[in-house]
Undergrad: 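Shown below is the structure under consideration.
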Amino acid sequence: GAVVSQHPSWVICKSGTSVKIECRSLDFQATTMFWYRQFPKQSLMLMATSNEGSKATYEQGVEKDKFLINHASLTLSTLTVTSAHPEDSSFYICSAFPGQGGETQYFGPGTRLLVL
Amino acid sequence: QKEVEQDPGPLSVPEGAIVSLNCTYSNSAFQYFMWYRQYSRKGPELLMYTYSSGNKEDGRFTAQVDKSSKYISLFIRDSQPSDSATYLCAMSDFEGYQKVTFGTGTKLQVIP
């Protein structure tokens, strides 16, 4: 149980284009989903927290207009990197919290983004 | 000073060895402590979850929390090559759905 998927697992795009990453909780409903970014040899850095049906809460220093988050349903959240630039190249990981009775977040497999 | 400190390693041990992984932290409000295993280019996988101080055992894994010293540990007994991964400690002052602070991870290599 508690499986979280991400799609795509790998994406390469040209600078200036937008990229959408999907995060799905496959066997549970997630009241809250989180988006993280991880640079090589560094820890996970929380970008934003999203609750179904409401606006995402962004961490300090994260541009909300650049990283658009939509938590459309209790099983789906999307992260759109708008006008991507090479410095946005990173490993993006989502996690989902099952809600009441859940112990902790469950992570997706991650999406590797390379902006050329 | 970082809220959570973790030695990045790498740590190389022979197969069958006992591995000790550690983190220290500065925020005394942390109540929930987790260990995640992350294979290369994969998302973190929850290994252990503990609340407050004490020990928790699950198979070959034992998690220890010493809140008085602000120190947590993960022990791996009879280590296997498949245990080779990066181990992340994580902690929170609220139950899982709130902001979790991660360590930088310790890279472990178990040599056959």
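We use all heavy atoms of the structure for the numbers below, so side chains are in, but hydrogens, waters and symmetry mates are not.
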Undergrad: Count I, L, V, M, F, W, Y as connected when their side-chain heavy atoms are under 4.5 Å apart, and connections chain through other members. Are B:Leu11 and B:Leu74 then in the same cluster?
TA: yes
Undergrad: With a 4.5 angstrom heavy-atom cut-off, could you sort out which part of A:Glu59 is near chain B: side chain, backbone, both or neither?
TA: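 The side chain, not the backbone.
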Undergrad: Should A:Trp35 and B:Leu88 be counted in the same cluster of Ile, Leu, Val, Met, Phe, Trp and Tyr side chains packed under 4.5 Å apart?
TA: no
Undergrad: Membership question, hydrophobic clusters at under 4.5 Å side-chain separation (ILVMFWY): are B:Phe33 and B:Leu47 in the same one?
TA: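 Yes: a chain of side-chain contacts under 4.5 Å links B:Leu47 to B:Phe33.
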Undergrad: Which one of B:Pro8, B:Gly105, B:Gly103 has the most heavy-atom pairs closer than 4.5 Å to chain A?
TA: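 So the answer, after comparing B:Pro8, B:Gly105, B:Gly103, is B:Gly103.
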Undergrad: Determine the option with the most heavy-atom pairs under 4.5 angstrom with chain B, choosing from A:Ile93, A:Val4, A:Leu44.
TA: A:Leu44
Undergrad: Side-chain contact, heavy-atom cut-off 4.5 Å: B:Gln38 with A:Gln38?
TA: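 Yes. Closest side-chain heavy atoms under 4.5 Å.
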Undergrad: Would you say that more than 12 heavy atoms from the other residues, nucleotides or ligands in this model lie under 6.0 Å from the NE2 of A:His7, or not?
TA: no
Undergrad: How about B:Lys67: does its NZ atom have over 12 heavy atoms from other parts shown lying under 6.0 Å from it?
TA: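 Yes, NZ of B:Lys67 has more than 12 neighbouring heavy atoms, counting only those of other groups under 6.0 Å.
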Undergrad: Less than 4.5 Å to any heavy atom of chain A: does that hold for the side chain of B:Tyr39, its backbone, both, or neither?
TA: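 For B:Tyr39, neither part sits under 4.5 Å from chain A.
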Undergrad: Heavy-atom distances under 4.5 Å only: say whether B:Pro44 touches chain A with side chain, backbone, both or neither.
TA: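 Its backbone and side chain both get close to chain A.
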Undergrad: Say whether B:Trp35 and B:Phe61 are linked into one hydrophobic cluster, either directly or through other cluster members, by side-chain heavy-atom distances under 4.5 angstrom.
TA: yes
Undergrad: Minimum heavy-atom separation for B:Lys42 and A:Phe91, please, with both atom names.
TA: O-CE2, 3.6 Å
Undergrad: Any chance you could measure B:Tyr36, atom OH, to A:Ser43, atom OG, to the nearest 0.5 Å?
TA: 11.5 Å
Undergrad: Is A:Gln105 close to B:Val100 at the side-chain level, that is, under 4.5 Å between some pair of heavy atoms?
TA: yes
Undergrad: Give the cluster check for A:Leu76 versus A:Leu74: same hydrophobic cluster or not, with ILVMFWY residues linked at side-chain heavy-atom distances below 4.5 Å.
TA: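 A:Leu76 and A:Leu74: separate clusters.
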